[in-house]
Amino acid sequence: VQLQASGGGLVQAGGSLRLSCAASGRTFSSRGMGWFRQAPGKERQFVAAIYWVPSNTYYSDSVKGRFTISRANAKNTIDLQMNSLKPEDTAVYYCASGTGLSQTTRRVDYWGQGTLVTVSS
């Protein structure tokens with residue numbers, strides 16, 4: 001499975017960005033897809049995830065209410081709509097696929113390349 005992320009960039013605080021991640025290769029409905037992020041000098045942390053079977057979404061407390069993860073129109077593609085961005089959201093965002101994606105569980109089978117999101121104050 002290959003994960004291709006896109007959509008990072010520079011935005012002012014309070015602005016919005018949309019990230020996308022497309023999965024190719026052997027994908028399974030039992031795996032979820034989601035996003036983690038890693039700021040300089042910090043550990044990689046969970047952001048959001050979406051599952052198809054059963055249908056469910058999960059968010060970290062720090063982004064709940066501001067970020068929305070959804071299935072895009074293209075097959076095996078997800079979007080992360082990020083609104084009301086804060087400087088503390090600045091990080092490299094990594095797309096991930098696995099059977100356990102949440103704040104408390106990290107069973108990641110595949111990682112995509114990172115995409116940088118910079119939020120200026």
Please check if the side chain of T90 supplies one atom and the backbone of E88 the other of a donor-acceptor pair under 3.5 Å.
-> no
Ring pair (Phe, Tyr, Trp, His ring centres under 6.0 Å) contacts in which one or both residues fall within residues 99-121, not counting sequence neighbours = F36-W111
List the steps, then state whether side-chain contact (heavy atoms from CB on, under 4.5 Å) holds for I78 with W35.
-> CA-CA 10 Å; I78 60 170; W35 296 91; 3.6 Å; yes
List for me each residue that meets side chain to side chain contact (heavy atoms under 4.5 Å, CB included) alongside Q2, sequence neighbours excluded, and say none if there are none.
-> S24
Side chain of Q45, backbone of Q38: donor and acceptor closer than 3.5 Å?
-> no
Should W52 and M33 count as side-chain neighbours, where that means a heavy-atom distance under 4.5 Å?
-> yes
Donor-acceptor pairs under 3.5 Å, side chain of residues 8-20 to any protein atom, not counting sequence neighbours: which ones?
residue: S16; atom: OG; partner: N83; partner atom: OD1; Å: 2.9
residue: R18; atom: NE; partner: Q81; partner atom: OE1; Å: 3.1
residue: R18; atom: NH1; partner: D79; partner atom: OD2; Å: 3.3
residue: R18; atom: NH2; partner: Q81; partner atom: OE1; Å: 3.0
residue: S20; atom: OG; partner: D79; partner atom: OD1; Å: 2.6

Ignoring hydrogens and geometry, is there a side-chain-to-backbone donor-acceptor pair from Y94 to T115 under 3.5 Å?
-> no
Any side-chain heavy-atom pair of D89 and F67 under 4.5 Å | yes
Taking only residues two or more places apart in sequence or in another chain, which ones pass ring-ring contact (aromatic ring centres under 6.0 Å, His included) with Y51?
-> Y58
Got a sec, which pairs hit salt bridge (Lys or Arg N to Asp or Glu O under 4.0 Å) with one end in residues 96-119, sequence neighbours left out?
-> R31-D109
Report yes or no: does R37 contribute a side-chain atom to a donor-acceptor pair with the main-chain N or O of V92 at less than 3.5 Å?
-> no
Please examine the side chains of L116 and Y93, heavy atoms only from C-beta on, and report whether any two atoms are closer than 4.5 Å.
-> no
So, do S102 and T104 sit near enough that their side-chain heavy atoms are less than 4.5 Å apart?
-> yes
Name all pairs fulfilling the salt bridge (Lys or Arg N to Asp or Glu O under 4.0 Å) condition that reach into residues 41-64, sequence neighbours left out, sorted by first residue then second.
-> D61-K64
